[in-house]
Amino acid sequence: MDKMILCWLECVNCQAKYEIDEIRYSCDCGGTLDAKRDLSKIDGAQLKKTWEDRWGMKRGPLSSGVWRYKELIFDLPEEQLVTRYEGNTRLYEAGKAGEYAGLKNLLLKHEGENPTGSFKDRGMTCGTTAAKFYHASTVACASTGNTSASMASYAAIAGMKSVIFIPEGKIAYGKLAQALAFNGITLQIEGNFDDAMQLVQEVCSELNIYLLNSINPFRIEGQKAIGFEVLQQLDWQVPDWFVIPGGNLGNNSALSKGLQELYELGIINKIPRIAVIQAAGANPLYTMWKNHTEYKPVLDPDTIATAIKIGNPISWEKSLRGLEWSNGVVEEVTEQEIMDAKAMVDASGIGAEPASCCTVAGAKKLVEAGIIGSDEQVVGILTGNILKDPDAVVGYHKDELGSMGIKGTFANAPQLINPSVAAVRAAIGK
Ligand code: F0G
C-alpha cells in the first residue's frame, strides 16, 4: 500500500498518531480515531478529473460509488477490495415531500438503494476491506438492524464469519431477516443498543474479532462517498444544506469529514451547512447542542425510528466537530412528525424507512423556524429502504400506532369490500 496516501490514524481529542499496521479503534486517551492522509500531496484538480473519468464505468471495483473515490477512501489495489458495487444511488426531486417541507429545491439522495438497502453498505465495503487487509477471519458489530444486515452480507462475500449483537425486542423485521439470511450469528442482548455496543467492544478485544461499528475509522471513510457522489451528481455545485438523520452519529461525521477534505483540496469552493436530525426520544446531541451543555447520554432512548434508538452515540465528538466546521445545526423531531413526513416521502413515490424520514421532518421544522430558506438548495439523505420496516408502514396506514401516541394523519388504509363492481365504484369514487 502507498503509505503516502493513507498513512496514519489520529485521535480526535489529543491528536496522537498511530500507524495503521496495528488494529486500533480508539486512542490511549479514549478518544475516537480519524483515518488521515497528507492532502498536501494530492492534486485536487487531477483527482477530480480521475473521478470524472471513472463516472459511468460499466464493470469492476472502480464502478462502485465508493471505490470510484478510492484515493480519499482507502487506496488499495483493486483485487484487495471487498465490494458489492455499492453506491451509485439516485438523487430524486422530492416532489410532494418537498412541498410538505416548504422547500422549492429539495433533492433526496436515496441511500436505501444500496445493495442491502441502506447507506451502511458504503461503510461496510471499506470496513470489510480493512478486515481483509488485517487478515481477520471473524467480524462483529452491535446494531439496530441495518449495520448487521450489511455486515452479514459483506462478510459472506469475503468468506468471513459474522457475529451480530442486536438489542432484544424491536429491530425492524426486514433487517433481522437479512442478518439471518446472510448467515450472521445473531445474538440478541438483554438490553438496548448502547448495552450491545458496550459488549461488542469487550468481545472484540478479548476474542480477537474485528469490530465493524462506525467507531472503526474505515467505516467512516467509506461513508464519506455519499457526499462525494452527491457533489459529482450536481457537477460539483455545492448545495446550501445537507440534512441527515443522526443515531450513533457516524454518518454525519463522515459527511462533514469528506466535504472538508474536498474543500481543502479545492474540489469544492463553498462549505455547505449540515443539519443533523435526531428523534426527540433519542436526542443527546440535540440536547447538548441546543442548551450548550456537556454531553450526557439518554438513558432509556425510545422511538419508532428503531434505527436511531440510541442514547449514547459513539461519534458525538466527531459529529460536533463537523457541525462547527459547517456552521451546522441540530434539530429534533417527534414520533408524529417522523411518521407524517414518512407518509409524504412514501406518497411522493420515493419511500424510505422511518429514521430516514427524520430528514424531511427536520427540514420542514428548520424551514418553519426560518433557519433554512424556502429557496435554498437542500439535499436530504434518505438512509434506508422502505421495505426494511413494513410494520411501521402498515401500522400507520391502518392507524394502529395509537399506543405509541402516533395518529395516521395521512393514512391510506386498505378497504375490505364485497366482490362487486358497485362496491369498487363506491371505493374508488367513480
Ligand atoms: N438511518 C438509518 C436507516 C440507520 O440505520 C442509521 C443507523 C441511521 C440513520 C443513523 O446513522 O448511526 O451514523 O448516525 N443505524 C445503525 C445500525 C446504528 O446499527 O444499523 P448514524
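For this chain, numbers begin at 1 and follow the sequence in order.
The closest side-chain donor-acceptor pair between Q223 and N251 falls under 3.5 angstrom. Between E202 and S205, the side chains place no donor N or O within less than 3.5 Å of an acceptor N or O (distance only, hydrogens not considered). A donor atom on one side chain and an acceptor atom on the other are found under 3.5 Å apart for K109 and Q233.
Counting heavy-atom neighbours within 6.0 Å of N13 CG, excluding the residue itself, gives a total above 12. Within 6.0 Å of the CG atom in N291, the count of heavy atoms belonging to other residues, nucleotides or ligands exceeds 12. In I428, the CD1 atom is crowded: over 12 heavy atoms of neighbouring residues, nucleotides or ligands sit closer than 6.0 Å.
Using a cut-off of 4.0 Å between Lys/Arg side-chain N and Asp/Glu carboxylate O, K104 and E376 are scored as not salt-bridged. Using a cut-off of 4.0 Å between Lys/Arg side-chain N and Asp/Glu carboxylate O, K257 and E261 are scored as salt-bridged. Under a 4.0 Å N-O distance rule, the pair E71/R54 qualifies as a salt bridge. Between K309 and D302 there is a salt bridge, with a side-chain nitrogen of the basic residue lying less than 4.0 Å from a carboxylate oxygen of the acidic one. Using a cutoff of 4.0 Å between basic side-chain nitrogens and carboxylate oxygens, K224 and E221 are scored as salt-bridged. Remark: R68 engages E229 in a salt bridge, criterion side-chain N to carboxylate O under 4.0 Å. Taking the charged nitrogens against the carboxylate oxygens, D240 and K270 do have a contact shorter than 4.0 Å, which makes a salt bridge.
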What verdict does the side-chain hydrogen bond (donor to acceptor under 3.5 Å, both in side chains) test give for Q178 and K388, after you've listed the backbone C-alpha separation in whole Å, the side-chain angles of each residue and the deciding distance to 0.1 Å?
CA-CA 9 Å; Q178 285 177 295; K388 290 278 190 171; 2.6 Å; yes

Before you tell me yes or no, could you show the steps for E332 and W289 under side-chain hydrogen bond (donor to acceptor under 3.5 Å, both in side chains), namely the whole-Å CA-CA distance, both residues' side-chain angles and the distance that decides it to 0.1 Å?
CA-CA 11 Å; E332 65 170 2; W289 184 84; over 6 Å; no

Using side-chain contact (heavy atoms from CB on, under 4.5 Å), reason through L249 and K318 one step at a time and then give a plain yes or no.
CA-CA 8 Å; L249 302 178; K318 288 184 178 176; over 6 Å; no

Test side-chain contact (heavy atoms from CB on, under 4.5 Å) on W236 and L262 and set out the steps.
CA-CA 10 Å; W236 308 102; L262 295 188; 4.3 Å; yes

With side-chain hydrogen bond (donor to acceptor under 3.5 Å, both in side chains) as the test, would you mind laying out the steps for Y25 and N213 before giving the verdict?
CA-CA 10 Å; Y25 315 105; N213 279 100; over 6 Å; no

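Between the CG atom in N146 and the SG atom in C141 there is a gap of 10.5 Å [rounded to 0.5 Å]. Here the NZ-CG distance, from K175 to L387, works out to 12.0 Å after rounding to the nearest 0.5 Å. We find the CH2-CD1 distance between W241 and I372 to be 5.0 Å, quoted to the nearest 0.5 Å.
With contacts defined as side-chain heavy-atom distances shorter than 4.5 Å, the pair N312/V298 does not qualify. Using a 4.5 Å heavy-atom threshold, the side chains of C14 and C27 count as touching. Using a 4.5 Å cut-off on side-chain heavy atoms (C-beta onward), V329 and I371 make contact. For the pair E93 and L107, the minimum side-chain heavy-atom distance is below 4.5 Å. Using a 4.5 Å cut-off on side-chain heavy atoms (C-beta onward), Q278 and E331 make no contact. With contacts defined as side-chain heavy-atom distances shorter than 4.5 Å, the pair S319/L285 qualifies.
Counting only residues at least two apart or in different chains, side-chain hydrogen bond (donor to acceptor under 3.5 Å, both in side chains) contacts with residues 181-201 are absent. Each ring-ring contact (aromatic ring centres under 6.0 Å, His included) pair with one or both residues in residues 387-430, not counting sequence neighbours, would appear here, but there are none.
Judged by a 6.0 Å distance limit and a 45° cone about the ring axis, K364 is positioned over the six-membered ring of Y100.
Between F133 and F74, the ring planes are perpendicular. Angles over 60° get that label, and only those under 30° would be called parallel.
For the salt bridge (charged side-chain N to carboxylate O under 4.0 Å, His left out) with D34, the lone residue among R219, R321, R24 that qualifies is R321. Here the rule is salt bridge (charged side-chain N to carboxylate O under 4.0 Å, His left out) with R122, and of E113, E111, E86 only E111 fits it.
Aromatic ring centres of Y69 and W51 lie closer together than 6.0 Å.
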